[in-house]
Number of protein chains: 2
Amino acid sequence: MAKDGKITMSDVAQLAGVSTMTVSNVINERVRVSEDARERVLAAIRESGYQINPSARNLRAGRSGVIGLAVPQVGNTYFGMMAELVIEEARRRGYHVAIEQTGALAAGEAAAIAQSRRLQLDGLILSAVEVDSLVPPVPVQGYPIVLMGEQDPAGRFDHITVPNEAGTAAATEHLIDQGCQRIAVVTGGNLDRLTMFTRRYNGYRTALEDRGLATDPRLRFMVDALSREGARSTGRRIAEAGLGIDGVVVFNDTVAMGVMRGLRDRGVSVPGDMRVIGFDDVPESASFIPSLSTVHPDHRWKAAKAVDLIISRIADPSSPPRQYTVPFEIVRRESTA
Amino acid sequence: MAKDGKITMSDVAQLAGVSTMTVSNVINERVRVSEDARERVLAAIRESGYQINPSARNLRAGRSGVIGLAVPQVGNTYFGMMAELVIEEARRRGYHVAIEQTGALAAGEAAAIAQSRRLQLDGLILSAVEVDSLVPPVPVQGYPIVLMGEQDPAGRFDHITVPNEAGTAAATEHLIDQGCQRIAVVTGGNLDRLTMFTRRYNGYRTALEDRGLATDPRLRFMVDALSREGARSTGRRIAEAGLGIDGVVVFNDTVAMGVMRGLRDRGVSVPGDMRVIGFDDVPESASFIPSLSTVHPDHRWKAAKAVDLIISRIADPSSPPRQYTVPFEIVRRESTA
DNA sequence: TTGTAGGCGTTATCAG
DNA sequence: CTGATAACGCCTACAA
C-alpha cells in the first residue's frame, strides 16, 4: 500500500516519456494513441505496478463509484448468494457495492432508497417485495433504481425478474412427466394481489390445464407460516389430507425443505410416496436429504444483468424502463426421482 | 441525486456567510469554531441538504475509504451474518466494505491479500483458516491486516478470536449441569496442529477434568466430512456406539444439526436420550427442531472490534499487534433441556 | 477564530 | 496524435 499507493499517473508518464494525458488515453482507450506511445505506456505501467486511483477518477467524474444493493436479509442464503454475485459483477465493471437491508418491509425499502440517496450512491439495485408502495413520498424520482426480483406492475422501473409462471409451470410439468397425477401446491401470501405467490400459483394451474389434469381447490395449501416450522406443519397437513396426493409443487426451496420434513414426520417418503419440487435452487437444496429438485434461475445472469441495467440507467436516467426475465432450467434431483 | 450531488462545501459556506474552511472545521470538529458561526453552518447544511463528497475527501486524505473483508464463503449463513455486521459497523465509521471469498483455502487467502492490495483497499479483515501459510511470498508485509476467527500463533497480526477453549468448556459444563455423565465430543481436522478443532477439543477435556469426569478416547468422534451428510453419518455412529453416551459436544452448529439428524435416523431422541450442544449460534440454530443450545459469541462485538482494529492499524501501521477474545454466553435451548 | 492558497490524482478541453 | 491547463471537492499549512 505504502508503495503502490504512491505511484501516480505522472510517474508512469515520466517513465514512458509522455504526458499524463497520453497515459490516461491509453488506459481509457478514449482516443487513438500511436502504437509507439501506447507500448511505452503499457510497459511503464507494468514496470511500476501502477494502479489507477479511484477516488481521483470518481471526483473528476462526479460519481461515487458505489452502487447500493438492498435486499431483505443478507443472512438468508439466497440473498447472500445474490449479493456475492452482484458484488463480483459490479467489481468487474469498476463499481463497489454497498449493502443495505430492508427486512422485506415497505418501510425498510423506502429507508434503503433514502439512505442510498443520502450516501450519494450512484444508484440502487433493490430487491423489492413491496413494489406497490414505492410511490411518493418515497423518494424514487430522478434516482437510478433497478428492481430485482419482483416486477413493477406499473412499469415505472427497470426490472429483472425470475420466471415465476414459466418456472412453476415447468416444475409442475416435470412432476407430471414423472408420473404424478394428483399434484398439490403450496403457496402463501394473499392470492388477491399479483404477487410472486400468485404468479407461481398461476404457473401451476396453467400447467395442469395444459396437460389436461383437473384442478382441485383442496390441493391448494397455504403455508402455515414463512418459517421452517410453519412449512413443516404444512407438510404434515398435506400428509394427512388423504387426497391421494403424489406430488407437491412448493413456491420456494426453503419452504419445500420444511414441507419435506413435515411429510417425513408423518411417515411419507420422498420421492417414494410423494415427489416434491421447489423454486430458487438455494445452496442447501443440493445437499438436503433427499436432495431437492427445483427451478434453477441463472443467478449469475441475473446479477450481471442487474448491474448492467443500473449502470446504463445511471448513464442515461431518462431512457424508458426495460424489463428482463432470467433464464431458468429445471434441476432434477432425488426428490422427484 | 442530480440535486444533492451538486451541493458542495462552498455552497454551504456561501449560504452561511463563511469560508469553506469554517464549514470543514464544523463538520470535522477539528478546531474550535465560534458558536455563532457553527450554528449558521449547521443551519446551512440542514437547509441545503449538503452531503460531504467521499471521493474528494478520500483523494485528499490519500486513502480509498474501503476496507476489504475476506471470508471463506458469503453464501454460508455464518459468514453472511458476519459480513452484514462488519458492513454496518464499517459504515458507521465512514468506510465501505469490499467482500472477497477465499474458499477457506490457503491459496484463496493469499489471493485475497494480493487482490486487496491491488485494489488499494485501505486494509483487510481476513477470516483466515490457514494462518500458518500467511508467510512470504504471501504479501503480508506493510499492509494493514486483521485476522478474524483463527489466531496467529506467531503473534504477527492483530487478531480477534472466538473463545474456543472457554466456550467449549462452558458448553461441556452446561451438559454436566444438566446431568450428563458420559459426554461425547465431535471434532475434526488434524488434532496435531493447534487449530480451532484442537482448541475446542481441549476445552472439552479441560471441563471434564475440572469436574472430575473420566475422559474416554472412545468418546471422541471425528466428523466424517465437513458437510451435512458427513455430520449425519457421524451422528449415526454415535447412536450405534453403545457407550452409554448421554451428551454430545459438537464443534459447530452446522455439524451439530447434522449430528442430530443422524441420531434421529437411529431413533435417538434429543434431548430425551442424549443432549446436544453446538458452537457459533448461527441463525438456523434457533429454528431447528429441536432448537439447538450453543455457545453464542457476541457477533456484533466481534464485528465492531474487527473494524476498530483495522482502522487503528491503518492509522498506525507500526504499533505492536493486539489480540482480543470475543465475549460469549451459553444459550440454552431445547436440545439440552 | 477565520480565511487564503495550494495540491491530492484524474480527465475534459482545446491548442499545438 | 499529443500536451498544457484547469477543474472536480476537500483539507493541511500558513497567514491574518
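In the text below, chain A, chain B and the rest are named by the order of the sequence lines, each starting its count at 1. Heavy-atom basis, side chains included; hydrogens, waters and symmetry copies ignored.
R322(A) forms no cation-pi arrangement with F157(A), by the criterion of a distance under 6.0 Å to the ring centre and an angle within 45° of the ring axis.
Remark: P of dG7(C) and CG of N58(B) are 21 Å apart, rounded to the nearest angstrom. In this structure, R38(B) places its CZ atom 11 Å from P of dT1(C), rounding to the nearest Å. The distance between atom NZ of K6(B) and atom P of dC10(D), rounded to the nearest whole Å, is 12 Å. Taking atom CZ of R63(B) as the reference point, atom C1' of dT12(D) lies 15 Å away to the nearest angstrom. For the pair Q120(A) CD and dG9(D) C1', the interatomic distance rounds to 11 Å; values are reported in whole Å. For R40(A) and dT2(D), the CZ to C1' distance is 11 Å, given to the nearest whole Å.
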Counting primed atoms plus P, OP1 and OP2 as sugar-phosphate and everything else as base, spell out the protein contacts along nucleotides 10-16 of chain C at 4.0 Å heavy-atom distance: B, S or - for each nucleotide, 5' to 3'. BBB----

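A salt bridge does not link K6(A) to D11(A): none of the charged side-chain nitrogens sits closer than 4.0 Å to a carboxylate oxygen. A salt bridge links E89(A) with R300(A); the closest basic N to acidic carboxylate O contact falls under 4.0 Å.
At a threshold of 4.5 Å between non-hydrogen side-chain atoms, the residues H159(A) and V146(A) do not count as touching.
Just one residue in the list R93(A), R91(A), K302(A) forms a side chain to side chain contact (heavy atoms under 4.5 Å, CB included) with V307(A), and that residue is R93(A).
Position along DNA chain C of the nearest nucleotide to G17(B) versus S55(A) favours G17(B) as the more 5'-ward residue.
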Identify each donor-acceptor pair in which a side-chain atom of residues 26-33 of chain B lies under 3.5 Å from a protein atom, sequence neighbours left out, and give them as a table.
residue	atom	partner	partner atom	Å
N28(B)	OD1	R57(B)	NH2	2.9
N28(B)	ND2	S24(B)	O	2.9
N28(B)	ND2	S24(B)	OG	3.3

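Listed pair S19(A) / dT2(D) fails the phosphate criterion, with no side-chain N or O lying under 4.0 Å from OP1 or OP2.
Sorted by first then second residue, the ring-ring contact (aromatic ring centres under 6.0 Å, His included) pairs that include residues 299-320 of chain B, not counting sequence neighbours, are Y78(B)-H299(B), H296(B)-H299(B).
In this structure, the side-chain hydrogen bond (donor to acceptor under 3.5 Å, both in side chains) partners of S116(A), at least two apart in sequence or on a different chain, are Y143(A). In this structure A16(B) satisfies the side-chain contact (heavy atoms from CB on, under 4.5 Å) test together with V18(B), R40(B), V41(B), A44(B), sequence neighbours excluded.
Computed from C1' positions of five pairs at each end, the angle between the two local axes of the helix from dT1(C)-dA16(D) to dG16(C)-dC1(D) equals 40°, rounded to 10 degrees.
When distances run from any side-chain atom of S34(B) to the nucleotides dG3(C), dT2(D), dT1(C), the shortest one goes to dT1(C).
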